Amino acid sequence: MFYIFCPYCKEHREEEEFHARGQAHLMRPSDPDNTSDEEWGDYLFFRNNPRGIHHEMWVHSVGCRKFFNITRNTVTYDILETYPMGEQPTITAATPDVRHEQGVQVADGGWQTVGARSENKALNEETSS
Amino acid sequence: MSNVSVSNVREFNTVPDGNPKVESPLAWSYQQHPAPRASGQAGIVLREKALLGHLVLRGGAIVLDEAVRATLGMSLPAKPNALEHDDSGERSIQWLSPDEWLVIVPGGEEFKLERALRQVLGDAHYSIVNASGGQTVLTLSGDNAREVLMKSTSYDVHPNAFPVGKGVTTVFAKATVVLRRPSETHWELVVRRSFADYCYRWLLDASAEYGIDTQ
Ligand SMILES: [Zn+2]
């Protein structure tokens, strides 16, 4: 059972009051008409799946019904911080101490989803042929 | 104050003239599920504060604070999970979220209050929703009130964690309720209409071992 600190209610609440809503800090391309299919596809379908530090959007659905962000370790399930929408995490996979303490393994700067970035295109072509 | 914005809002009194017959959301439950007769001293006293006026205010805290000071003579609780009453104890304002408050007033006052608030707020960015018909208030007291709550909600109801003047929206027997503590001896549950019968029957069942007095 998680005990999650809601940055709006300013106290810890039981996990059953919350819902996870996927990866945080996704930015919609500012000019969709002039966005390539690949960029749009990345935005719509591809998500990070890191082993270690992950930033997720959660909603306090039974309490204040506000969305907020959680920095979580996907290996240990440790919740490292929660912070309101519009703010940036203070802990990331690149934070030196965290990388060590949390045993984080991040390949390629946190991008682990094959096909999510153009330089991985070759991999996709290889497997699909 | 802008008349334009006031006239943009369709407001109407949900309680029509002529004193029509009204029923609490629990009317059916009272008929179908009479409380078991308590033998001896009842550990739980359950009452309904039926047909009160419920308004949900949304907007910026500063603007709404000025408005409720001008109309209700109360200040807006700014702290999360805070519940405040006026001197009579009949009117309350509760923090629900950073931009949302629940105002409960005696039944029949809500439309007058809504009008007064709209007059004061003018063209400010806000919303007022009259939720009076959508929810009802149950009060829980008696020696075993806290035991019944402990069986029903995962929220910590120990006095250290839940002092008088606090109110939270939380899970109660898998339903959602607003749980609040207006005084040392009483707890209040603001229950949605669609959950009312379920919560009432849950409370009857959870209170059975202590004996329940429903009047
Ligand atoms: Zn919250």
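The chains referred to below are lettered A, B, ... by the order of the sequence lines, with proteins before strands, and numbering in each begins at 1. Owing to the predicted nature of the structure, the values given are computational and were not obtained by experimental measurement.
In the displayed structure, His25(A) atom NE2 is contacted under 6.0 Å by more than 12 heavy atoms of other residues, nucleotides or ligands. Under a cut-off of 6.0 angstrom, the local environment of CZ in Arg115(B) is sparse, with at most 12 non-hydrogen atoms contributed by other residues, nucleotides or ligands. Counting heavy atoms of neighbouring residues, nucleotides and ligands inside a 6.0 Å radius, atom CZ of Phe12(B) does not exceed 12 of them. With a 6.0 Å radius and a threshold of 12 heavy atoms from other residues, nucleotides or ligands, Lys79(B) has its NZ atom at or below the threshold. Within 6.0 Å of CZ on Arg192(B) lie no more than 12 heavy atoms contributed by other residues, nucleotides or ligands. No more than 12 heavy atoms of other residues, nucleotides or ligands lie within 6.0 Å of CD1 in Ile62(B), so this atom counts as exposed by the packing criterion.
Contact between Arg13(A) and Thr169(B) at its shortest, heavy atoms only, is NH1-O, 3.2 Å.
Scanning residues 91-104 of chain B against chain A with a 4.5 Å heavy-atom cutoff picks out Trp95(B), Leu96(B), Ser97(B), Pro98(B), Asp99(B), Glu100(B), ordered by number.
Taking the side-chain contact (heavy atoms from CB on, under 4.5 Å) definition, one finds that Asp156(B) meets it with His158(B), Ala161(B), sequence neighbours left out.
Looking at Glu14(A), the atoms closer than 4.5 Å to chain B (heavy atoms on both sides) all sit in the side chain, from C-beta outward.
A distance of 9.0 Å separates OG1 of Thr176(B) from CD of Glu17(A), quoted to the nearest 0.5 Å.
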